[in-house]
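I have placed the structure first, in the form of structure tokens, so that the comments after it can refer back to it.
Numbers restart at 1 for each chain; the letters A, B, ... are given by sequence-line order, proteins then strands.
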Protein chains: 2
Amino acid sequence: MDNNLKLKTAEIEKISHLEYFNIAISVDCVIFCYNEKSLQVLLIKSDLEEYSGLYSLLGDLVKPDEDLDSAPYRVLKQRTGMDDVYLEQVHTFGSIGRHVSGRVITTAYYSLIDIKHHKLKLDENELHWHPVKNIKKLAFDHKIILDTCLQRLREQVMEFPIAFNLLPEKFSLRQLQELYEAILGIELDRRNFRKKIALKGWLHDLDEMETDVSHRPGKLYSLDPVHKKRKVIKKSKQPLVTILT
Amino acid sequence: MDNNLKLKTAEIEKISHLEYFNIAISVDCVIFCYNEKSLQVLLIKSDLEEYSGLYSLLGDLVKPDEDLDSAPYRVLKQRTGMDDVYLEQVHTFGSIGRHVSGRVITTAYYSLIDIKHHKLKLDENELHWHPVKNIKKLAFDHKIILDTCLQRLREQVMEFPIAFNLLPEKFSLRQLQELYEAILGIELDRRNFRKKIALKGWLHDLDEMETDVSHRPGKLYSLDPVHKKRKVIKKSKQPLVTILT
DNA sequence: TAATAAATATGTACTGAATACACATTATTT
DNA sequence: AAATAATGTGTATTCAGTACATATTTATTA
């Protein structure tokens with residue numbers, strides 16, 4: 001570009017769009033919660049005509065002065081008021097035609113939050129929780145993003161103690177099992193599930209009982225303090241090295 | 001931005017950088033090969049003063065009219081002349097200060113190629129293969145990118161038949177085992193390795209023998225045709241669903 | 001040509017996790 | 001006080017992961 005022209009704003013815009021930094025970068029958040037025995041995602045009504053009636057994930061453009069990984073935290077803070085959330089980067093989507101209003105490459109994150117801590121009035125913000133199972137179509141390529149994040153969540157949840165971010169501090173084994181069933185989309189055997197979780201050593205026995213149930217109360221547990229890391233957990237994946245000898 | 005000013009080129013640039021699409025996006029390729037019993041990576045001498053003497057990964061800015069996932073294929077084709085390569089997206093790096101010349105967010109891919117198919121004259125291009133084990137420092141954040149990709153490769157290699165992309169069409173079990181040892185960085189028991197690979201069902205017995213070895217020749221195998229997918233392999237990860245019942 | 005060296009090829013016993021499955025216990029409700 | 005409904009626990013089986021030793025085949029060398 002070697003022009004020394006006098007340009008009007010619109011023209012400046014056009015040129016900078018097309019020939020300079022002509023690709024915008026955004027983040028999209030797949031915000032999971034667990035409510036009424038189902039895994040749900042926070043969605044917002046799409047504000048674009050092309051997708052009127054459809055919902056989309058929460059996202060925003062990355063700002064020039066913020067780290068990529070900070071952007072989803074900002075989006076979450078703005079939309080839900082929460083800031084101590086579990087977040088994990090999953091994949092970056094960048095097909096040419098994925099966004100109707102221009103070239104936008106987006107990095108997808110998933111987030112796990114306890115809905116009980118979520119005091120936002122949803123209606124005011126046009127934000128809604130939707131059971132993952134019911135979601136058939138979303139704006140843009142957001143359905144694919146959702147599917148990719150759900151798949152990653154399913155992979156991670158058996159290996160790392162992250163599902164606990166979806167539960168309140170204290171929970172029963174039944175709650176935990178129902179959560180896993182909701183995430184994985186399958187039914188689990190109670191005895192084997194307990195054995196498996198016990199083997200992981202993730203649980204801390206609180207010596208307390210459920211109080212609000214209308215049947216025999218179960219024991220309450222919390223995530224063992226050793227494993228309490230709410231932020232991004234680095235994968236060390238020992239199993240792979242010990243797989244063969 | 002609501003200016004209708006007369007601007008000189010430099011100013012136009014400045015404004016468009018800072019307030020419009022002010023973040024560039026690139027891809028970086030961690031190109032692995034296997035040679036002389038070691039896992040190696042293709043590097044190029046950094047062309048920036050700040051990093052003179054250091055090597056960096058191969059990368060380029062994503063073009064406005066190409067898919068994000070196409071960019072690393074283009075880079076590979078340009079640099080190595082190869083186009084039927086295994087490529088996988090790993091992670092996107094976007095710290096504010098990661099690139100000295102400005103704000104650049106980069107998506108990292110790793111690639112597996114058979115060095116025998118690689119006819120490029122390396123010296124002319126300042127491209128060099130470096131054993132992964134010897135690499136201590138790279139330009140930018142490329143050492144972290146390399147480590148992240150290597151970790152991902154190690155995770156994938158036990159689960160999916162992708163390591164074969166690093167070998168010639170026909171190979172012996174010894175070669176395969178040495179490759180796995182190079183990737184994982186550990187020694188493996190020969191009998192257990194064979195059992196494990198046999199269990200995966202990845203191998204096709206060619207009923208041929210090694211010819212160029214100065215000892216008892218081993219049988220030659222190829223990747224079983226059923227598993228022959230050189231491009232990105234979609235993860236289906238059944239194990240997770242069958243993990244509990 | 002016979003003996004040696006070096007690599008290939010293979011099998012078994014042990015341990016531990018994954019799975020399938022049944023009964024006793026406890027609190028609530030009627 | 002009896003019935004209900006959920007919690008809590010154990011055992012047998014299968015299969016993969018691991019540790020480990022000997023026979024076989026080819027090339028080399030004496």
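Residue-level contact check: B:Lys195 touches the bases, meaning some heavy atom is under 4.0 Å from a base atom. Among the heavy atoms of the strands lying under 4.0 Å from B:Arg194 is at least one base atom, whether or not backbone atoms are also near.
A donor-acceptor contact under 3.5 Å is not formed by the side chain of B:Arg191 with the base of D:dA19.
Put simply, A:Lys196 has a side-chain N or O that comes within less than 4.0 Å of OP1 or OP2 on C:dA18. Between C:dA7 and B:Arg174, no contact under 4.0 Å exists linking OP1 or OP2 to a side-chain N or O.
If you measure from atom CD of A:Gln177 to atom C1' of D:dT7, you get 12 Å, rounded to the nearest angstrom. The distance from atom CD1 of B:Ile197 to atom C1' of D:dA16 is 14 Å, rounded to the nearest whole Å. In this structure, A:Asn192 atom CG and D:dA12 atom C1' are separated by 12 Å, rounded to whole Å. Distance, A:Asp189 CG to D:dT11 P: 16 Å, rounded to whole Å. We find that CG of B:Asp205 is positioned 16 Å from P of C:dT8, with the value rounded to whole Å. Rounded to an integer number of Å, the gap from B:Phe193 CZ to D:dC20 C1' is 18 Å. The OH-P distance, from A:Tyr221 to D:dT7, rounds to 12 Å in whole Å. Atom-to-atom, CG of A:Leu176 to C1' of D:dG8 comes out at 16 Å; the value is rounded to the nearest Å.
Near DNA chain C, meaning a heavy atom under 4.0 Å from it, residues 210-218 of chain B has B:His215, B:Arg216, B:Gly218 in order of number.
Counting heavy atoms of neighbouring residues, nucleotides and ligands inside a 6.0 Å radius, atom CD1 of A:Ile197 exceeds 12 of them.
Smallest separation of non-hydrogen atoms from B:Leu58 and B:Val75: CB-CG1, 4.1 Å.
Salt bridge present: A:Glu169 and A:Lys228 bring a charged side-chain N and a carboxylate O closer than 4.0 Å. By the 4.0 Å N-to-carboxylate-O rule, B:Glu181 lies too far from B:Arg174 to be salt-bridged with it.
Within the structure, side chain to side chain donor-acceptor pair (under 3.5 Å) contacts touching residues 132-142 of chain B (residues at least two apart or in different chains) are B:Arg98-B:Asp141.
To the nearest 0.5 Å, atom CZ of residue A:Phe140 and atom CG of residue A:Leu57 are 9.5 Å apart.
Residue A:Leu199 places its side chain closer to C:dA17 than to any other of C:dT10, D:dT9, C:dA17.
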Donor-acceptor contacts, no H, no angles, side chain residues 215-223 of chain A, under 3.5 Å, sequence neighbours left out:
from	atom 1	to	atom 2	distance (Å)
A:Lys219	NZ	A:Asp205	OD2	2.8

